[in-house]
Amino acid sequence: MVAAGWFIFAAMGKKVRVRFAPSPTGGLHLGGVRTVLFNYLFAKKNKGTFIVRIEDTDQRRFVPGAEAYLFDCLRWCGLEPDESVQHGGSFGPYRQSERKTLYRQYADQLIEKGLAYYAFDTPEELEKMRTLLATPSNPSPQYDRQVRMQLRNSLSLSADETDRLLKAGTPYVIRIKMPEQETLGFTDLIRGEVRFDTATLDDKVLLKADGMPTYHLAVVVDDHHMQITHAFRGEEWLPSAPVHILLWQSLFGIENMPRWAHLPLILGPEGKLSKRDGAKYGFPVFAMNWTDPASGETTEGFKEKGFLPEAFLNLLALLGWNDGSEKEIFTLTELIDSFSIERIHSAGAHFDYEKAKWFNHEWIKRSPANRLLPYFQEQFATLSDVGYSEEKLTRIIELVKERCQLLTDLKEQAGFFFVDPLSIDTAAIAAKWSTEKRSFFEGLIAYYQGETPEEAAQQEQAFKEKAAAFQLKPGELLLPLRIMLVGGKFGPGVFDITTVLGPATTARRIAHALTLLP
RNA sequence: GGCCCGUUCGUCUAAGGGCUAGGACACCACCCUUUCACGGUGGUGAUACGGGUUCGAAUCCCGUACGGGCUACCA
């Protein structure tokens, strides 16, 4: 049935074209990346085109660097657009601010058709109207059919007066004239039939006083011009769908409207997940670190927190979608293979950071050492003078990766391979310390100062024999040795550690620890 | 307030009329391991409520409750 749906689109000969349309005003949110992912998966699955269009029609919200940052995030995720400001394409410009003149003509067309009108009300007048009309039972009055005739617009004013105001250069906006009573509906790819009654809707601004379109006009015009076939957007857009339906009807024909899919929201502990939630509960919300150029404040990203992009995409995909099986770990290719819109859940999903870390942990465990090597070298960049060979680094990675949920855990899990432990948990050793044990370890130092075999198994054998000679159980010596070498109760097998460290370092660390013990 | 969307373990979810309601994260216990982690076994834990429809409802319909979103010359 699913396949049949796609087959119909294919049969229609319409090449799938989808778009991600962010407004470059700051960090790229988790939910934003998921929207990108679903766009991308759908496009790739259908051999379609994935477009990124910059929705920068609000000049007051322009944030320097936000656009470049956005593309950096996509690059890190491995979700490269086919067409965009950075990737080119024949449907540009891909920045709405550069398409300004295009929108104007459609706004004019709408006025001619009677679906829109000029409104001269100043922001102050609107403010006044809202406070004046606000009542407990109607806390947010709308600019709608109820009040539009009492405000200053080309509907309430005479044609002459309107002309006069226009010629005088009076600032104005163009608003949609919401029909009196009409039922508007469409079939959402995720939630099915959705209906609205225009009587309850307001006259949204389509063209702002500065000549820029609002989202409503721009999205319709651009989706048409860029021949978008399927539009994925957050559920928060559902209430404005009727505005867009009206514009499609009037401008380009409802039959040409893209198929819409309103994605469920990603929720934090208190509603729609926000940057604040991240700060409050200690998890990242943005894909990559974002520094607000105005305040200088940096918000941590998943990348810097230590997430593998593969894991990031994987966990995002499984937030509101699954393939129907119990499979949870997916590569991008596998996601493309098994993705389908109808398996997207319609309910909002709470983001669970614990599960997010589990995904990352799984990916780290499954990643071959050479995949992890660059991150490893990054973590230990300042300690590179230790001069380990790549082979040895690979060995270390294999020893510690299952202990790392985040890439940043590498530092504490493997740090002791590079530098002597800063502190040693001598208390844990001292509890069961004895002069016999001291003698044993003195002997062990001598062993490591001599001709030590490189094999872990041989070292362990020697260790046990020596313990027997001292009439000590290997068990009660192993933990102290570990602590002497790494500082605490953690890390890979003891003799895996000694073989990586080498006899000299091993002997030195034991000797140093002995100076701290009675 | 109005409009729209939603509601299965704490969280992500499976089960699209017939079940002991399955899995994963987290949590707990045990095993493995003389560290930590990995791994293994088991456990606690859910169909919001009320009506229908039906031989039979988590599944279909209605209502209620609850949650979320929107209600800007922001997207």
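Chain A is the first sequence line, chain B the second, and so forth, proteins listed ahead of strands; every chain is numbered from 1. This structure is a prediction, so every number in the text was calculated from the model and none was measured.
Checking the phosphate oxygens (OP1, OP2) of rC70(B), a side-chain nitrogen or oxygen of K272(A) falls inside 4.0 Å. For the pair T25(A) and rC74(B), the criterion of a side-chain N or O lying under 4.0 Å from OP1 or OP2 is not met. Between H350(A) and the phosphate of rU11(B), there is no side-chain N or O to OP1/OP2 separation shorter than 4.0 Å. The side chain of H216(A) places no N or O atom within less than 4.0 Å of a non-bridging phosphate oxygen (OP1 or OP2) of rA75(B). Phosphate proximity of rC4(B) to R195(A): absent, as no side-chain N or O sits under 4.0 Å from OP1 or OP2. OP1 or OP2 of rA72(B) has at least one side-chain nitrogen or oxygen of R130(A) nearer than 4.0 Å.
Between F416(A) and F418(A) the shortest side-chain heavy-atom distance does not fall below 4.5 Å. Side-chain contact check for I429(A) versus K437(A): every heavy-atom pair is 4.5 Å or farther apart.
Here rG67(B) sits opposite rC5(B) as a Watson-Crick or G-U wobble pair (both hydrogen-bonding atom distances under 3.5 Å). For rC55(B), the paired base is rG18(B) (Watson-Crick or G-U wobble, both distances below 3.5 Å). Look at rA75(B): it lacks any Watson-Crick or wobble partner with both distances under 3.5 angstrom. The partner of rG42(B), taking Watson-Crick or G-U wobble pairs whose two distances both stay under 3.5 Å, is rC28(B).
Under the 30°/60° scheme for interplanar angles, the aromatic rings of F283(A) and Y281(A) are found to lie parallel. Aromatic ring pairs are classed by plane angle as parallel below 30°, tilted from 30° to 60° and perpendicular above 60°; the pair F186(A) and F196(A) is parallel.
In terms of modelled atom types and a separation under 3.5 Å, the side chain of T170(A) and the main chain of L166(A) share no donor-acceptor contact. Remark: side-chain polar atoms of T200(A) are paired, donor with acceptor, to backbone N or O of D197(A) under 3.5 angstrom.
Distance, D496(A) CG to rC38(B) P: 17 Å, rounded to whole Å. Straight-line distance from the CG atom of L399(A) to the C1' atom of rC36(B): 13 Å, rounded to whole Å. Taking atom CH2 of W237(A) as the reference point, atom C1' of rU71(B) lies 13 Å away to the nearest angstrom. Rounded to whole Å, the distance from CG on L479(A) to C1' on rU33(B) is 13 Å. For the pair F490(A) CZ and rC38(B) C1', the interatomic distance rounds to 17 Å; values are reported in whole Å. Per the geometry, CG belonging to L206(A) stands 14 Å off C1' belonging to rA72(B), to the nearest Å. In this structure, CG of N322(A) is placed 17 Å from P of rU11(B), rounded to the nearest angstrom. Atoms CD (Q59(A)) and P (rC73(B)) sit 16 Å apart, rounded to a whole Å.
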Close N/O contacts between protein and nucleotides 60-64 of chain B (under 3.5 Å):
none

N/O-N/O pairs, protein side and nucleotides 21-26 of chain B side, under 3.5 Å:
| from | atom 1 | to | atom 2 | distance (Å) |
| --- | --- | --- | --- | --- |
| rG22(B) | O2' | E326(A) | OE2 | 3.4 |
| rG23(B) | O4' | E326(A) | OE2 | 3.1 |
| rA24(B) | O4' | E328(A) | OE1 | 3.1 |
| rA24(B) | O2' | E328(A) | OE1 | 2.6 |
| rA24(B) | O2' | K355(A) | NZ | 2.8 |
| rA24(B) | N3 | K355(A) | NZ | 3.2 |
| rC25(B) | OP1 | W358(A) | NE1 | 3.4 |
| rC25(B) | O2' | K355(A) | N | 3.4 |

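Note that CZ of R343(A) and CD1 of I190(A) are 13.0 Å apart. Values are rounded to the nearest 0.5 Å.
With respect to R148(A) and D144(A), no salt bridge is recorded, no charged nitrogen being found less than 4.0 Å from a carboxylate O.
Not a single donor-acceptor pair, N or O on each side, falls under 3.5 Å between the base of rC5(B) and the side chain of R191(A).
Within the structure, salt bridge (Lys or Arg N to Asp or Glu O under 4.0 Å) contacts touching residues 204-216 of chain A (residues at least two apart or in different chains) are D202(A)-K204(A).
Considering H224(A), H216(A), H225(A) as possible partners of Y106(A), the one that fulfils the ring-ring contact (aromatic ring centres under 6.0 Å, His included) test is H225(A).
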